Amino acid sequence: MFDTLYSQVGAAVWVVVVTFAFLKGDEPERVGGGVYALGALASLLVQDDTRLYGAQWGLMGLDVILLAAYAGVAWKSRRSWPVWASACQSLIVMIHVMTVIDVRPPLLAFYVVINLAAYGILLALALGVLQSWRDRRADGLS
């Protein structure tokens, strides 16, 4: 996965955002950051780079689990960022569903949707951390 400059920069971005969530976020942000980190590392284990066609069932199952985790965080917290993270993760699940029902999106479209949605999740998480950090500083707790 880390063979191109794009993938190395992407990995650096998610490591920075997840570290920021663990250091400055509240419990929902830490859970969201942990979910993202575990999902990113688990996707390295279950993806099959040799398959060019058809569904990747392991990756699809993992993305459904991540969607359930973000939906659970959205259900239990009073913050808005988990809703946005769930929406981006649902885009990822839907592109997998499109390949299962044989709509045959172009492979480039598949990767673009997954990557942009992943950056959307990271953006939502980072904004959530900034919001909780700002709220704690306003309350004099940080």
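Just so it is clear, the structure is predicted and the values come from calculations on it, not from any experiment. Basis for what follows: all heavy atoms, side chains included, without hydrogens, waters or symmetry-related copies.
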Closest non-hydrogen atom pair, [X] against [Y]:
X      : Y      : result
Ala55  : Val100 : CB-CG2, 3.6 Å
Gly33  : Leu125 : CA-CD2, 3.7 Å
Ala117 : Ile92  : CB-CG1, 3.5 Å
Ala85  : Ala124 : N-CB, 4.1 Å
Pro28  : Trp81  : O-CZ2, 3.3 Å
Gly25  : Val129 : N-CG1, 4.0 Å

For the ring pair Trp133 and Phe20, is the centre-to-centre distance below 6.0 Å?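 Distance test on ring centres: under 6.0 Å, yes.
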Worked verdict on Glu29 versus Arg79 for salt bridge (charged side-chain N to carboxylate O under 4.0 Å, His left out): CA-CA 10 Å; Glu29 288 81 19; Arg79 311 249 165 79; 2.9 Å; yes
When hydrophobic residues are tied together by side-chain contacts of less than 4.5 Å, even through go-betweens, does [X] share a cluster with [Y]?
X      : Y      : answer
Trp57  : Val64  : yes
Val16  : Leu5   : no
Leu107 : Ile114 : yes
Trp84  : Trp14  : no
Ile65  : Val46  : no

Got a second to check how far [X]'s [atom1] is from [Y]'s [atom2], nearest 0.5 Å?
X      : Y      : atom1 : atom2 : answer
Asp63  : Ser90  : CG    : OG    : 11.0 Å
Leu62  : Leu38  : CG    : CG    : 9.5 Å
Leu122 : Cys88  : CG    : SG    : 9.5 Å
Asp139 : Arg134 : CG    : CZ    : 10.5 Å

Output yes when a side-chain donor or acceptor of Arg137 lies under 3.5 Å from a complementary backbone atom of Ser132, and no otherwise.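 No.
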Checking Gln56 side chain against Asp48 main chain: does a donor-acceptor pair fall under 3.5 Å?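 Yes, the answer is positive, given that a donor and an acceptor are paired below the 3.5 Å cut-off.
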With the side chain counted from C-beta on, respond yes when [X] and [Y] share a heavy-atom pair under 4.5 Å apart, and no when they do not.
X      : Y      : result
Phe110 : His96  : yes
Lys76  : Val31  : no
Leu66  : Tyr36  : no
Asp26  : Arg30  : no
Val13  : Tyr119 : yes

Taking it one step at a time, do Val97 and Met60 satisfy side-chain contact (heavy atoms from CB on, under 4.5 Å)? CA-CA 8 Å; Val97 170; Met60 183 179 176; 3.9 Å; yes
